[in-house]
Amino acid sequence: MTSSQDAPDLLLLTRPGCHLCADARRVLERIGKDLSIDWREQSIEGDADLTSRFGEEIPVLMIDGVQRDFWQLDEARIRRLLEAGWPWLRPDSDRA
């Protein structure tokens with residue numbers, strides 16, 4: 001996957017036993033593979049601030065620190081966001 005400093009920071013907030021979180025992981029695995037970008041996951045369990053902010057919306061996708069999606073991730077929308085904000089991620093772009 002890319003290690004470019006210009007790559008978006010994708011963070012999936014989850015909690016154990018969350019079936020929607022499992023679905024979200026699969027979405028991000030496909031996107032990550034297709035666009036050659038990394039993503040990471042963080043559980044809100046044990047973090048009072050994250051639980052207070054996002055406890056009812058898990059899973060939550062943050063892109064560069066901004067909440068972009070929650071509950072059921074919209075794969076097409078996420079791809080559009082990433083390709084618009086980072087044009088070099090588009091499949092038809094010339095990657096160095």
Side-chain angles (χ1 to χ4, degrees):
M1 302 260 168
T2 187
S3 61
S4 170
Q5 293 180 351
D6 295 331
D9 177 34
L10 277 66
L11 172 62
L12 181 64
L13 298 174
T14 63
R15 81 166 121 236
C18 166
H19 71 282
L20 292 176
C21 297
D23 294 341
R25 281 183 203 100
R26 286 189 287 276
V27 167
L28 290 179
E29 286 168 0
R30 282 191 300 270
I31 291 171
K33 181 179 177 186
D34 292 348
L35 301 180
S36 297
I37 56 173
D38 293 321
W39 61 276
R40 57 195 173 91
E41 180 175 341
Q42 179 180 342
S43 175
I44 66 166
E45 188 171 283
D47 187 314
D49 181 50
L50 290 177
T51 299
S52 173
R53 287 178 63 197
F54 302 111
E56 299 300 319
E57 297 178 346
I58 294 299
V60 172
L61 176 63
M62 309 289 283
I63 300 177
D64 285 348
V66 177
Q67 182 177 343
R68 293 299 190 162
D69 216 344
F70 64 100
W71 290 333
Q72 294 181 331
L73 301 189
D74 183 333
E75 184 169 347
R77 180 178 174 277
I78 294 165
R79 287 176 185 272
R80 283 192 308 270
L81 280 170
L82 292 170
E83 292 172 2
W86 295 269
W88 55 267
L89 290 175
R90 287 194 298 263
D92 61 348
S93 71
D94 290 327
R95 293 188 188 187

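Computed from a predicted model, the values in this text were never measured in an experiment. The first residue in the sequence is number 1, and the count goes up from there.
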With sequence neighbours excluded, give me every side-chain hydrogen bond (donor to acceptor under 3.5 Å, both in side chains) pair touching residues 7-16. D9-R40, T14-E41
So, K33 and E29, do they make that salt bridge, N to O below 4.0 Å? no
Spacing of CZ belonging to F54 relative to CD1 belonging to I44, to within rounding of 0.5 Å: 9.0 Å
How far apart are the closest heavy atoms of L28 and W39, and which atoms are they? O-NE1, 3.4 Å
S52 side chain to A48 main-chain N or O, any donor-acceptor pair under 3.5 Å? no
Path from L73 to I58 over hydrophobic side-chain contacts below 4.5 Å: no
Is there a path from L81 to L61 through hydrophobic residues (I, L, V, M, F, W, Y) whose side chains come within less than 4.5 Å of each other? no
Under the 3.5 angstrom rule, does the side chain of D38 hit a backbone N or O of G32 as a donor-acceptor pair? no
Where at least one partner belongs to residues 50-64, residue pairs that pass salt bridge (Lys or Arg N to Asp or Glu O under 4.0 Å), sequence neighbours excluded: none
Here the pair of heavy atoms bringing W88 nearest to P8 is CZ2-CD, 4.5 Å
Hey, does the side chain of R68 reach the backbone of V60 with a donor-acceptor pair shorter than 3.5 angstrom? no
Within this structure, what is the CD-SG distance for the pair E45 and C18, rounded to the nearest 0.5 Å? 11.5 Å
Got a second to check how far L10's CG is from I63's CD1, nearest 0.5 Å? 5.0 Å
Say whether, by atom type as modelled, one donor and one acceptor occur between the side chain of W71 and the main chain of L20 under 3.5 angstrom. no
Is any side-chain heavy atom of L82 closer than 4.5 Å to one of I37? yes
Nearest-0.5 Å distance that lies between atom CG in L12 and atom CD in Q42: 10.0 Å
Evaluate the side-chain proximity of V27 to Q72: yes if any heavy-atom separation is below 4.5 Å, no if none is. no
Would you say the side chain of I78 lies within less than 4.5 Å of the side chain of E75, judging by non-hydrogen atoms? no
Just wondering, do P87 and E83 contact through their side chains at under 4.5 Å, heavy atoms? no
